[in-house]
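Counting starts at 1 for both ligands and their atoms, in listed order. What you see below is based on every heavy atom in this structure, not just the backbone, and it leaves out hydrogens, waters and symmetry mates.
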Amino acid sequence: MLKEDVAEVLITEKELQARIAELGKAISANYEGKDPLLVCVLRGAVVFLSDLIRQITIPHEIDFMAVSSYGGTRTESSGIVRILMDLTTNIQGREVLIVEDIVDTGLTLAYIIENLKTRRPASLRTCALLNKQERRQVDVPLDYVGFVIPNKFVIGYGLDYDEKYRNLPFVGVLKPEVYIE
Ligand code: PRP
């Protein structure tokens, strides 16, 4: 059972949903009349995006991109990022909001911001469910943040270890014996 690999529940399903409702409300107020495009960074953010948009009450669109960092180890990012799947939407002149599940070193988001900026959107902002602030290597502007979390190996609610645990409805900490061989 996946749940048996969880050492502790860091953020409960109820806490997640309550905070996401607040984020949805803030985004709806700030983007009123602007038809924003929410850019979901696959794969982890897909669970967050799907709950977030159901808390947004204004017209908006969604699109997806997939990036991968390579050259690093499983837990350490190299900072080299490449686009595996690009947006299908032309974002020139659009109000763009990048949706991420977690910002850790910040390298992935920094790359995405720089890349999307070159396409000249009207505005480019960021929304991250989880901010692992103490791991940051590069400064990235976070406009909407769900929770600041400690430097622990988190899984669930979209976040995986070895592609598993994304389906857990809460954010949990993985038992070390699962990933230390
Ligand atoms: C996670 C997360 C961010 C990135 C953050 O994705 O969704 O994109 O890592 O790390 P960073 O701030 O150190 O760059 P991951 O590479 O695990 O892919 P996934 O979303 O497909 O699980």
Side-chain angles (χ1 to χ4, degrees), residues 2-3 5-7 10-11 16 19-20 23 27 37-53 62-89 91 96-119 121 124-176 178-181:
L2 295 172
K3 274 189 182 175
D5 297 339
V6 176
L10 202 60
I11 310 168
L16 284 167
R19 183 71 187 119
I20 291 165
L23 293 173
I27 291 166
L37 177 74
L38 275 64
V39 168
C40 174
V41 183
L42 296 172
R43 304 181 175 97
V46 76
V47 178
F48 175 40
L49 177 89
S50 70
D51 280 341
L52 181 65
I53 60 174
I62 59 172
D63 201 350
F64 299 85
M65 68 189 291
V67 297
S68 108
S69 57
Y70 63 101
T73 63
R74 196 183 63 231
T75 51
E76 291 299 320
S77 175
S78 64
I80 307 165
V81 180
R82 69 190 159 127
I83 296 179
L84 298 178
M85 191 191 94
D86 207 346
L87 300 173
T88 55
T89 313
I91 65 168
V96 175
L97 180 62
I98 302 167
V99 177
E100 263 288 23
D101 52 345
I102 186 166
V103 180
D104 186 338
T105 62
L107 293 165
T108 306
L109 189 56
Y111 172 83
I112 294 170
I113 290 171
E114 283 317 304
N115 185 287
L116 296 188
K117 253 189 201 169
T118 65
R119 310 182 197 190
L124 185 58
R125 295 197 173 83
T126 59
C127 175
L129 179 66
L130 306 175
N131 178 12
K132 214 185 246 188
Q133 182 65 47
E134 60 188 272
R135 291 256 309 161
R136 196 73 85 253
Q137 288 179 23
V138 287
D139 256 345
V140 278
L142 297 182
D143 298 289
Y144 302 91
V145 174
F147 302 87
V148 176
I149 59 163
N151 185 15
K152 292 182 173 179
F153 199 135
V154 285
I155 41 96
Y157 201 73
L159 290 104
D160 75 307
Y161 165 64
D162 205 12
E163 295 304 323
K164 292 195 286 285
Y165 308 102
R166 295 191 196 273
N167 57 320
L168 296 175
F170 54 83
V171 174
V173 177
L174 194 60
K175 283 182 181 167
V178 177
Y179 58 91
I180 298 170
E181 285 142 30

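- If you number the atoms of ligand 1 from 1 as listed, the ones under 4.0 Å from a heavy atom of Ile102 come out as 2 (C), 3 (C), 5 (C).
- Set against the non-hydrogen atoms of Thr105, the atoms of ligand 1 under 4.0 Å away are 11 (P), 12 (O), 13 (O), 14 (O).
- Side-chain contact between Ile11 and Val154: absent, with no pair of heavy atoms (C-beta onward) separated by less than 4.5 Å.
- Ring geometry for Phe153 against Tyr179 counts as tilted: the plane angle lies between 30° and 60°, on a 0 to 90° scale.
- With a 4.5 Å cut-off on side-chain heavy atoms, Ile149 and Ile102 count as touching.
- Using a 4.0 Å cut-off between heavy atoms, Arg166 contacts ligand 1 through its side chain alone, with no backbone atom that close.
- Within a 6.0 Å sphere centred on CG of Asp139, heavy atoms belonging to other residues, nucleotides or ligands number 12 at most.
- Interface atoms of ligand 1 facing Gly44, defined by a heavy-atom separation under 4.0 Å, are 19 (P), 20 (O), 21 (O).
- For ligand 1, the atoms sitting less than 4.0 Å from at least one non-hydrogen atom of Asp160 are 22 (O), numbered in the order shown with element in parentheses.
- With atom 19 (P) of ligand 1 as the reference point, the heavy atom nearest to it among Arg43, Arg135, Glu163 is part of Arg43.
- At a 3.5 angstrom cut-off on N or O pairs, Gly106 counts as close to ligand 1.
- Evaluated by nearest non-hydrogen atom to atom 10 (O) of ligand 1, the leading choice among Val67, Asp104, Asp101 is Asp104.
- Side-chain N or O atoms of Thr126 include one that pairs as donor or acceptor with a backbone N or O of Pro141 at under 3.5 Å.
- Arg119 and Asp86 are joined by a salt bridge, as a carboxylate oxygen and a charged side-chain nitrogen come within less than 4.0 angstrom of each other.
- The nearest pair of heavy atoms linking Phe64 to Met85 is O-CE, 3.6 Å.
- Checked by distance only, ligand 1 and Val41 stay at 3.5 Å or farther apart across all their nitrogen or oxygen atoms.
- Proximity to Leu107 (heavy-atom distance under 4.0 Å) selects the following atoms of ligand 1: 12 (O), 14 (O).
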